[in-house]
Amino acid sequence: MKTYRIRSDVRQTPQTETLLAGLNPQQAAAVCHGTGPAMIIAGAGTGKTNTLVHRVAWLIARENRPDQILLLTFTRKAADQMLNRVAQLVTTPRPVAGGTFHATCNLILREFGGSIGYPPGFTILDQPDAQDRIDVIRSGLLKNFPKTRFPKKATLFDLFSTHRNTHTPLDELVSRDYPQFVPTLELIVKLFQDYQTMKRRFALADYDDLLFLTRDLIETVPSVRETLHNRYRHILVDEYQDTNPVQADLVEAIAGKTGNLMVVGDDAQSIYKFRGADFKNFLEFPVRFTQAAVYKLEENYRSTQSILDVANAVMAQATEKFDKVLFTRKPSGTLPAIIQAPDDSFQNQFIVSKILDLRESGVGLNQIAVLFRNARNSYSLELELNAHQIPYEKRGGNKFSESAHIRDLIAFLRLSVNPKDIVSWNRILTMVDGIGPKNAETILQQLENETDPARLQLSPRYAIQVKSMLGLVAGLAAEEPLSDKIERLTGFYQPLFEKRYSEDYPKRQKDLDAFQAIASTFRDTQDFLMHLALEPVDFSQTDTLATTPDEPPLILSTIHSSKGLEWHTVILMDVLDGVLPSTFSLDDQESLDEELRLFYVAVTRAREELYLVYPAVQYHRQFNDYFSRPSRFIDSLPANLTESWVLETGDPEPPKGLTE
DNA sequence: AATTCGTCGTTTTTT
DNA sequence: ACGACGAATT
Ligand SMILES: Nc1ncnc2c1ncn2[C@@H]1O[C@H](COP(=O)(O)OP(=O)(O)OP(=O)(O)O)[C@@H](O)[C@H]1O
């Protein structure tokens, strides 16, 4: 008797059939793609992520091991969503590999970084860390050139990052974006080199390094490339239009020119130009991977036709045309509304009022999102929401783990892991009264050779405090549960904290508790610190953590962070010229197009209802000017696609005599 | 001489 | 409301 095994590319398990049942023919074709590179290009809401997720399930049904499938995307929110949707569709014994590019590179680098001189315990610098290190070098260099006008640490950081991500030489960047600093170009270049050297010497990696080091590692060490290539038999990338050159190199380095690489994207949703992403890279995927199969999806399953009509009209304004028209078989729905409120306060009142209406009519708060261009646009709305006790989660903007008081705590923990961390020493020592940068340096110099705190030469003004601080740091290094450490740390920190933030420490107090709550989910200090660096916690997530609200919260989000997600109702606020499009984009067409794509992303997040709101006037301190024109993007929408709402109020007219 | 205090200009978006 | 830099202050 002879056994004949049916070829795996012929056999259809019942599982596979049910998998494909819910998909349209184009989606199913992409899901069943054979081997080699493939590209799915399609508009918003056409089920790109859905297809990708089904592809994963299909691969698993065809006996690929889940940990041999690597799923990548750029933003954390999109990565979470993608992995969750996989988990909902298939239960796997092991998780599918993947997440953000940065998180994945972090793991690869810890495993193989040794071959390029990075030990497994290297430290990740988040943005403020990186800037602080740059600042240390900056002060050192500037000592020799006092009174020179020189870029600030944040500017330098941006320059360096843009330089690396866009492959633009520093001199070109400086003369284009900061011509006033051309005379100091030499120093800037020197600073950059010193910064790069310093990171390598102390085993530090900033966000960009995670990507660049990993790419270099894979490209230069054949055995690593081989291992990863065999480990990840299938690589799938979502939101590929947001991929910048390093990321593209990286996936190619692992998959190879003919590997099983499936990329999914929408050129019309490319919104990360500022960090080197270019939708043209996506469109040219078939040029780079000549064997790539190209799949297109056309039917939108998310939004009503009325919303899509607006989305199509938005993209029609683009100067570089995107050849795509969205359609759906969903009912046309209600017309998207454009609301002019007299001022900020009325805008907030309208939004809160609308949210309460929706909630009463049965739409859950978590099915509603308020979106905006800049994270700070929502500050006053947040006050209004608090006043009405509407729970919300804010995404984007200031990070919890980047606020000053949390960084204070982090500095202590850092030192318990790495007592040589000069930047953290500086931070904690200067918290003591009477110690500034100079005294801190003197103390640090003594600490280099003297391990016994009792023998340190300290001014009596602060000797006691410094000694107890040293005692605390030493104690934190001991074997002890992390939560006990945090307890002692916050106990020590409390008086310093009240002094340092004397005006507003009560407001910050709850963050200290939240810090403890987050820490309690970790066992190891190093793990905890790594997590904080890699996944900076959004501020309001900590509220939900501390108080478990009875109701899933409303979402407030920057448009950037809303990518890939969807809600029943989307309220887009501050749709003003100068906000969206941003003032900084007004003089060049490419930037304006990018702002238009942002607007398109915002609009296409909505399933049923869409509201575009703006105040008639809004003061902007930074420009010392009033914005009073609705966004040019809504101005040029055909009138029949939207409905204009007038707010009923018995209140006085908005202030007169303001600039147009 | 070092620290702190006050004022001026500045400010997108993410990892 | 925030950071950097210059002036008063201990
Ligand atoms: N074949 C289908 N039948 C019914 N609903 C579908 C189908 N494909 C996708 N959907 C639904 O359409 C919505 C959008 O899908 P998905 O998020 O995958 O789109 P997307 O193209 O990735 O969107 P974006 O461009 O915004 O990232 C989801 O609610 C999804 O469940």
Side-chain angles (χ1 to χ4, degrees), chain A residues 72-79 99-106 124-132 135 138-139 142 146-155 157-158 161 164-165 205-212 239 242-244 246-247 270-277 371-377 379-380 395-399 401-404 430-442 459 461-462 499-500 503-504 507 532-536 538 557-563 574 578-586 591 594-595 597-598 601-602 620-624:
Chain A
L72 293 170
T73 192
F74 171 57
T75 62
R76 291 182 289 128
K77 294 282 159 357
T100 62
F101 276 94
H102 288 84
T104 306
C105 286
N106 172 49
I124 300 174
L125 301 178
D126 63 13
Q127 189 161 318
D129 285 335
Q131 294 188 357
D132 286 346
D135 207 32
R138 179 182 185 273
S139 326
L142 282 187
K147 295 241 174 85
T148 315
R149 252 172 69 80
F150 198 68
K152 303 183 278 195
K153 62 177 178 190
T155 311
F157 176 86
D158 280 351
S161 183
R164 301 179 74 190
N165 282 305
D206 62 24
Y207 287 145
D208 288 335
D209 291 326
L210 291 176
L211 304 177
F212 281 91
E239 309 284 6
D242 294 331
T243 313
N244 69 16
V246 214
Q247 292 164 325
S270 168
I271 54 176
Y272 283 101
K273 178 164 168 253
F274 69 92
R275 55 171 294 286
L371 304 182
F372 31 82
R373 174 65 176 88
N374 307 128
R376 38 184 277 202
N377 296 146
Y379 285 169
S380 64
R395 301 171 173 181
N398 286 337
K399 296 296 189 294
S401 47
E402 291 177 2
S403 55
T430 51
M431 288 181 346
V432 177
D433 266 0
I435 303 185
K438 283 279 150 50
N439 284 338
E441 203 184 325
T442 326
S459 150
R461 183 159 168 221
Y462 45 71
K499 190 119 198 262
R500 203 161 145 85
E503 310 95 51
D504 64 344
K507 263 194 274 173
L532 284 180
L534 213 50
E535 313 240 313
D538 279 326
S557 175
T558 58
I559 300 173
H560 282 91
S561 295
S562 74
K563 191 61 136 358
D574 281 353
V579 178
L580 179 64
S582 145
T583 319
F584 306 109
S585 69
L586 298 182
S591 313
E594 174 118 338
E595 298 287 312
R597 293 193 291 269
L598 263 176
V601 168
H620 283 254
R621 183 174 232 159
Q622 45 189 311
F623 308 110
N624 185 27

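Below, chains carry the letters A, B, ... as their sequence lines are ordered, and counting in each starts from 1.
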Handout entry: Phosphate contact (dC5(C) OP1 or OP2) by Arg138(A) side-chain N/O below 4.0 Å
Key = yes
Fill in the blank from the handout: To the nearest 0.5 Å, atom CD1 of Ile559(A) lies from atom CZ of Phe372(A) at 9.0 Å
Exercise for the section: Using atom CG of Asn165(A) as one end and atom C1' of dT13(B) as the other, report the distance to the nearest whole Å. Expected result: 14 Å
Handout entry: Spacing between Lys77(A) atom NZ and dT15(B) atom P, to the nearest angstrom
Key = 7 Å
Practice task
Looking at every strand, decide which applies to Asn439(A) at a 4.0 Å heavy-atom threshold: base, sugar-phosphate, or nothing.
Solution key: sugar-phosphate
Exercise for the section: May I ask you to say what Ala154(A) touches in the nucleic acid, namely base, sugar-phosphate or nothing, with a heavy-atom cut-off under 4.0 Å? Expected result: nothing
Exercise for the section: Could you check how far NZ of Lys153(A) sits from C1' of dC5(C), rounded to whole Å? Expected result: 13 Å
Exercise for the section: For Thr583(A), report the nucleic acid contact type (base, sugar-phosphate, nothing); a contact means any heavy atom under 4.0 Å. Expected result: nothing
Handout entry: Tyr207(A) aromatic ring stacked with six-membered ring of dT14(B), 5.5 Å and 30°
Key = no
Fill in the blank from the handout: Result for 5'-nearest mapping on DNA chain B, choosing between Ile435(A) and Asn374(A), is Ile435(A)
Handout entry: N/O (side chain, Arg76(A)) to phosphate O (OP1/OP2, dT15(B)) under 4.0 Å
Key = yes
Exercise for the section: Evaluate the ring planes of His102(A) and Tyr207(A), with Trp represented by its six-membered ring, and classify them as parallel (under 30°), tilted (30 to 60°) or perpendicular (over 60°). Expected result: perpendicular
Exercise for the section: Classify the nucleic acid contact of Tyr379(A) as base, sugar-phosphate or nothing, counting any heavy atom under 4.0 Å across all strands shown. Expected result: nothing
Exercise for the section: To the nearest Å, give me how far apart CD (Glu239(A)) and C1' (dT15(B)) are. Expected result: 15 Å
Problem - For atom CG of Asp574(A) and atom P of dT11(B), their distance in whole Å - result: 20 Å
Problem - Complement of dC2(C), any strand, by Watson-Crick or G-U distances under 3.5 angstrom - result: dG9(B)
Exercise for the section: Measure from NZ or CZ of Arg138(A) to the centre of the six-membered ring of Phe150(A), then state whether that distance is under 6.0 Å and the direction lies within 45° of the axis. Expected result: no
Fill in the blank from the handout: Against the side chain of Lys152(A), the closest entry in dT13(B), dT10(B), dT15(B) is dT10(B)
Exercise for the section: Scan Lys563(A), Arg275(A), Glu239(A) and name whichever one has a side chain to side chain contact (heavy atoms under 4.5 Å, CB included) with Phe74(A). Expected result: Arg275(A)
Practice task
Using only side-chain N and O atoms of Ser561(A), determine if any of them is under 4.0 Å from OP1 or OP2 of dT13(B).
Solution key: no
Problem - Under 3.5 Å side-chain donor-acceptor pair for Thr558(A) and Ser561(A) - result: yes
Exercise for the section: Please report, rounded to the nearest Å, how far the C1' atom of dT15(B) is from the CD atom of Gln131(A). Expected result: 13 Å
Handout entry: Atom-pair distance (CD on Gln127(A); C1' on dT11(B)), nearest Å
Key = 14 Å
Exercise for the section: For Asn398(A) and dT11(B), give me the distance from atom CG to atom P, rounded to whole Å. Expected result: 16 Å
